[in-house]
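Heavy atoms only: backbone and side chains are in, while hydrogens, waters and symmetry mates are out. Just so we're clear, the structure is a prediction, and the values are computed from it rather than from any experiment.
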Amino acid sequence: MADDLEAIHQLKARYCRFLDTKDVEAWRSVFTTDVVVTLDMAVSTGGADPMTAPPVEGVDNFVPTVMAGLEGVATMHHCHTPEITFTSPTTASGIWAMEDVLIFGDGREMHGAGHYHETYEKQEGVWLIKTLHLTRTVLRMLRTHPA
């Protein structure tokens, strides 16, 4: 179980690194092909916010959508204080505290925090993200001057 726990920690670290470095194919590899993702677009309570986006189903829909939205955007994603629960030898759930910063070319900057609520599935010996729901506790938009 300790090896599986470490594997899930490494999975989430790769999620953040691949997203921030815009390594599209590597980022795609952290998800199951049938991943379901729900993103809250504002501060919410347990996803009850009316600005919660509809779920995006499938890695082929999710990855290009996110990457298109981040084109020309510098990002920083940090995840910490994981709460991982194994539900079977090949499934688990987790909650990660997160903080992100997005710096847009036009001078806007977004700073957010919240939680990733995820499920994981072990496929052919490799842990992957099966579902992801991002909820936010902080969302700040700043207007700065371009560098």
Could you tell me which non-hydrogen atom of I84 sits nearest to which non-hydrogen atom of A92, and how far apart they are? CG2-CB, 4.4 Å

Are M76 and V24 connected in a single hydrophobic cluster, I mean Ile/Leu/Val/Met/Phe/Trp/Tyr linked by side-chain heavy atoms less than 4.5 Å apart? no

Answer whether the closest heavy-atom distance between the side chains of V37 and L134 falls below 4.5 Å. no

How far apart are the closest heavy atoms of V101 and I103, and which atoms are they? CG1-CG1, 4.0 Å

Quick one: does NZ or CZ of K130 land under 6.0 Å from the six-membered ring centre of F31, within 45 degrees of the ring axis? no

Check whether any side-chain heavy atom of M110 sits under 4.5 Å from a side-chain heavy atom of R140, and report yes or no. no

For residues L128 and S29, report the shortest heavy-atom separation together with the two atoms involved. CD2-O, 3.2 Å

Interatomic distance, D100 atom CG to C79 atom SG [nearest 0.5 angstrom]: 9.0 Å

Under 4.5 Å between side-chain heavy atoms, hopping through other hydrophobics if needed: is there a path connecting L70 to I129? yes

Could you report the tightest heavy-atom contact between R136 and G112, atom names first, then the distance? NH1-CA, 3.6 Å

Is there a side-chain contact between E121 and T119, using heavy atoms and a 4.5 Å cut-off? no

How close do A97 and H115 get, counting heavy atoms only, and between which atoms? CA-CD2, 3.7 Å

Do M141 and R108 come within less than 4.5 Å of each other through their side chains, counting heavy atoms only? yes

Please evaluate residues D4 and E6 with respect to the criterion side chain to side chain contact (heavy atoms under 4.5 Å, CB included), reporting the C-alpha separation (whole Å), side-chain torsions for both, the decisive distance (0.1 Å), and the verdict. CA-CA 5 Å; D4 287 327; E6 180 59 22; over 6 Å; no

Are V36 and F62 connected in a single hydrophobic cluster, I mean Ile/Leu/Val/Met/Phe/Trp/Tyr linked by side-chain heavy atoms less than 4.5 Å apart? no

Under 3.5 Å side-chain donor-acceptor pair for H133 and D40: yes

Sequence neighbours excluded, the answer for side-chain hydrogen bond (donor to acceptor under 3.5 Å, both in side chains) partners of E109 is none

Answer yes if L19 and V35 sit in the same cluster of Ile, Leu, Val, Met, Phe, Trp and Tyr residues linked by side chain heavy atoms under 4.5 Å apart, and no otherwise. yes

Hydrophobic cluster membership, with links at side-chain heavy-atom distances under 4.5 Å among I/L/V/M/F/W/Y: are W27 and Y116 in one? yes

Could you tell me if the side chain of T91 sits less than 4.5 Å from the side chain of K122, heavy atoms only? no

Are D34 and T32 close enough that a side-chain donor and a side-chain acceptor fall under 3.5 Å? yes

Give a yes or no on whether the backbone of V56 and the side-chain of N61 come within a donor-acceptor separation of less than 3.5 Å. no

Any donor-acceptor N or O pair under 3.5 Å, side chains H117, T135: yes

Indicate, with yes or no, if the rings of W96 and H9 have centres closer together than 6.0 Å. yes

Check whether any side-chain heavy atom of K12 lies under 4.5 Å from a side-chain heavy atom of I8, and answer yes or no. no

Mind listing the closest non-hydrogen atom pair of F104 and V73 along with its distance? CD2-CG2, 3.5 Å

Ignoring hydrogens and geometry beyond distance, is a side-chain donor-acceptor pair present between H111 and E99 at under 3.5 Å? yes

Within-4.5 Å side-chain heavy-atom neighbours: S93 and Y120: no

Any cation-pi pair here, R14 with F18, using under 6.0 Å and within 45°? no

